[in-house]
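As structure tokens, the structure follows; a few thoughts come after it.
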Protein chains: 2
Amino acid sequence: MSVVDLSKLAYPENNLRSFLDSVCETHELDYAAYAGMNPIAQSVHGVVNYPDAWQTRYVEQGFQTRDPVLTTAARSIAPVDWQRMRGDEAFKTVFREAHDFGIAEQGLTIPVRGPFGDVGLFSVTRNCSDDEWSKLKSKILGELQNAAVHLHDHVVHSHELTRVLSHPSLSSREVEILQWIAAGKTQQDVADILNISNRTVEVHLRSGRSKLGALTTSQAVGRAIGLGLVYPL
Amino acid sequence: MSVVDLSKLAYPENNLRSFLDSVCETHELDYAAYAGMNPIAQSVHGVVNYPDAWQTRYVEQGFQTRDPVLTTAARSIAPVDWQRMRGDEAFKTVFREAHDFGIAEQGLTIPVRGPFGDVGLFSVTRNCSDDEWSKLKSKILGELQNAAVHLHDHVVHSHELTRVLSHPSLSSREVEILQWIAAGKTQQDVADILNISNRTVEVHLRSGRSKLGALTTSQAVGRAIGLGLVYPL
DNA sequence: TTCCCCATACGGGATTTCCCCAATAGCATC
DNA sequence: GATGCTATTGGGGAAATCCCGTATGGGGAA
């Protein structure tokens, strides 16, 4: 899982770091972070406005792969308030260190998902009492949701050109046949259904595997599902 | 794709229809609608507070399968303002009819996605000028985002018990081996990796297929991904 | 003790998939 | 016309998967 620091990329009109800064300023937050995950590309894209020293420490410790905040939020529909995780040992481990860098335990992470399995995790943090946090949160949660959605949308669409260039373009026949395979049909079944030869089915599957970068048809099914090209049935 | 009307199910503590009504009342909207899609179950769950006559007409015309608002929002990360779609012929077709039932063209649809491919589409509509709509929207969008997320979360978790009861329980070995298969390894590869015989790999795959109700291993991979048991790699 | 699930393994053989090669035809674009 | 993509089809054969049955042993619950 490679980590790509988005703040290092050139975005002439927009600067994600300053977006995070403005969210913090508007809502009186300490820090904000965005992590975008693309399960197919196995990459994590991130931009944060945390202290540099904490960023370095975080990556050194490999927290991005075992931060319970990220793993929990990645499985959640609704925002995850960090308070929920105070009993978690891994959370304690991360925040024992984070404290030394001035990062508070008071925060929340908002997951946003796109149609191709991509996930954006937008986190904000503020050093304050539980009472203050509760009040602040209910006041700004809607705006944070909004910010999270648009940030993730922006990141995904900023990569759209790259995605189009790297996004496999399966022909409609290839997709159709993969869908039948995902539904449990054999190649001969699919040939019968579509009134073509099973040799033709084989050709389309091979082409589809190649475009998806899959070694086996099972892997191709998985990747196509991850890309939203076909559905599990 | 079966259509399940959630307002007809018994929810003693919560009533989704009154949730929609309260959102409309709070934000001075005319109507609200929620449509949840579960690709595994191939079902659409919906609850609306539109006039009954329009609901009947909508289903009669089969609009749920070709409403451009739904199809566009299902592909979007960010909320979709219906203004964007006024040039679309299918949109015009739907709203030519909707007008007769008092449904305005001024509205938006918010997509929310869960970790298992589920999608919730939350729509609201208000009969007003473009100016008024623009003002109202920017004022309430955050709260609507919030409402959308929690509504979808609620629906998904209301079905959680059912899901647990029907959720296949794969052994850790079965999951592990399916993950390797999803990663493109052959059975022999997996046997080498795990230092077991390929006959054992075969046994676990067969068991896994049986539990997942899959006819082929490719289908099992797909279903396991859909259930969040393994990931596309 | 019995039962169930899990993990491990095998026999024998049928079926299916996949590899690598070949080909034609239609359509769109430059 | 040349090129690229799509859809269609086939030969020959190796590799892999799958079917249906068998077995042992460990651990946990009733």
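The chains referred to below are lettered A, B, ... by the order of the sequence lines, with proteins before strands, and numbering in each begins at 1. Atoms considered below: every heavy atom in the structure, side chains included; atoms not considered: hydrogens, waters and symmetry mates.
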### Message
Taking any heavy-atom pair under 4.0 Å as a contact, classify S172(A): base, sugar-phosphate, or nothing.
### Response
sugar-phosphate
### Query
Are the side chains of I196(B) and R173(B) in touch, meaning some heavy atoms are under 4.5 Å apart?
yes
### Message
If you define the side chain from C-beta out and look only at heavy atoms, does anything of T72(A) sit under 4.5 Å from T109(A)?
### Response
no
### Message
Looking only at side-chain N and O atoms, does Q106(B) offer a donor or acceptor that is under 3.5 Å from a partner on D81(B)?
### Response
no
### Message
Both R206(B) and S171(B) contact DNA chain C. Which one's nearest nucleotide lies toward the 5' end?
### Response
S171(B)
Report yes if a side-chain nitrogen or oxygen of [X] is closer than 4.0 Å to either non-bridging phosphate oxygen (OP1 or OP2) of [N]; otherwise report no.
X	N	answer
T216(A)	dT17(C)	no
T200(B)	dA9(C)	yes
S207(A)	dT6(D)	no
S197(B)	dC10(C)	yes
Q187(A)	dT16(C)	no
K185(B)	dT17(D)	no

Provide, to the nearest angstrom, the distance between the [atom1] atom belonging to [X] and the [atom2] atom belonging to [N].
X	N	atom1	atom2	value
D192(B)	dA16(D)	CG	P	11 Å
Q219(B)	dT17(D)	CD	C1'	16 Å
H204(B)	dC18(D)	NE2	P	15 Å
L205(A)	dT6(D)	CG	P	15 Å
L170(A)	dT6(D)	CG	P	9 Å

#### Entry: Within 6.0 angstrom of W133(A) CH2, more than 12 heavy atoms from elsewhere
yes
### Message
Between dG21(D) and R199(B), counting only base atoms on the nucleotide and side-chain atoms on the residue, is there a donor-acceptor pair under 3.5 Å?
### Response
no
Of the listed nucleotides [options], the one nearest the side chain of [X]:
X	options	answer
K211(B)	dT9(D), dC6(C), dT17(C)	dC6(C)
R173(A)	dT17(C), dA7(C), dT8(D)	dT8(D)
E202(B)	dC18(D), dA9(C), dA7(D)	dC18(D)

#### Entry: Watson-Crick/G-U partner (both atom distances under 3.5 Å) of dA30(D)
dT1(C)
### Message
I need the minimum non-hydrogen distance between A191(B) and S197(B), along with the two atoms involved.
### Response
CB-C, 3.8 Å
